[in-house]
Amino acid sequence: MVLPLIPCHITLAKWIFQTYPETTDHVKVQNQALRNTYMNLLCDIIGILYHTPLGYLTEAELSKASKDMCDLTQAGFNLDWLQSKLDMVSLEKKTSEERILELKLEVKKLVMTATDLNSERKKEKKKLKKQPSWIHATKDGRLYFNFF
C-alpha cells in the first residue's frame, strides 16, 4: 500500500516543484511510499519554517528540522534554498531571544532604580512632616523658635 501525500501538502509540493525544480533532481528513491514520506517530511519542515511564529518555535523543532533536512539531503534532495531559510529563522530567533534577555535586565535595573527613588521620596516626605530643627517644643507643649 502506497502512503499518499497528505492532501494539504499537494499544493505545497506543486509550489516546491514550480519554484525550486532542482529540489528532487538527484533523488534516486524508486519506492513511491518512501518518496511520499519524504515529501510529507519536506512539507512539514516548510510548515515549521514558514508558518510558525518565532515565539512558538522551539529549539527542539529547529533541531529536528535540521536533522530531517540532513536525512532528505542524503536521500538526494537539493535543499540549499530551505537551508538558508532554516539558518535565517534560527539566527532571527536567537537574536530575538538575546534581545529579550537584554530588555529584561534593563527593566530589572529600572525597577530597582524606581524602588530606590520611591524610597528616597518617602524619606523626603517624612522630613516635610517633621518639625523644623529651629522650632522646639517645651515639656508643657509651648513652642519656641531658635533662629540663631
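These numbers come from a predicted model, not from an experiment.
- Few gaps surround CD on E98; more than 12 heavy atoms of other groups in view lie less than 6.0 Å from it.
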Check step by step if salt bridge (charged side-chain N to carboxylate O under 4.0 Å, His left out) holds for K94 and E97. CA-CA 5 Å; K94 181 181 177 192; E97 287 174 344; over 6 Å; no
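- Rounding to the nearest 0.5 Å places CG of L57 at 12.0 Å from NE2 of H51.
- Ring pair Y20/W81 is parallel by interplanar angle, where below 30° counts as parallel and above 60° as perpendicular.
- Hydrophobic clustering (side-chain heavy atoms under 4.5 Å, transitive across Ile, Leu, Val, Met, Phe, Trp, Tyr) keeps I100 apart from L54.
- Rounding to the nearest 0.5 Å places CG of L72 at 9.0 Å from CE of M39.
- Put simply, the side chain of D44 reaches to within 4.5 Å of the side chain of H9, judged on heavy atoms.
- The minimum heavy-atom distance between C43 and I16, with the atom names listed, is SG-CD1, 4.4 Å.
- Checked by atom type and distance alone, the side chain of T58 pairs as donor or acceptor with a backbone atom of E61 at under 3.5 Å.
- Side-chain contact between I45 and L79 is absent, with no heavy atoms from C-beta onward closer than 4.5 Å.
- Proximity of a side-chain donor or acceptor of S90 to a complementary backbone N or O of L86 within less than 3.5 Å is detected.
- At a threshold of 4.5 Å between non-hydrogen side-chain atoms, the residues V89 and T52 do not count as touching.
- The distance from atom CG of D87 to atom CG of L82, rounded to the nearest 0.5 Å, is 10.0 Å.
- The shortest side-chain heavy-atom distance between L49 and L62 falls under the 4.5 Å cut-off.
- Put simply, the side chain of T115 does not reach to within 4.5 Å of the side chain of M112, judged on heavy atoms.
- D116 is not listed as a side-chain neighbour of E120, based on a closest heavy-atom distance of 4.5 Å or more.
- In this structure, the separation between CG on D71 and OG on S66 is 10.0 Å, given to the nearest 0.5 Å.
- Within the model, atoms NZ of K93 and CE of M88 stand 14.0 Å from one another, a figure rounded to the nearest 0.5 Å.
- Contact check for N36 versus Q32: side-chain heavy atoms found under the 4.5 Å cut-off.
- A distance-only check finds no donor-acceptor pair linking the side chain of S63 to the backbone of E59 [under 3.5 Å].
- Taking CG from N78 and OG1 from T73, the interatomic distance works out to 8.0 Å, rounded to the nearest 0.5 Å.
- Using a 4.0 Å cut-off between a side-chain N of Lys or Arg and a carboxylate O of Asp or Glu, E124 and R121 do not qualify as a salt bridge.
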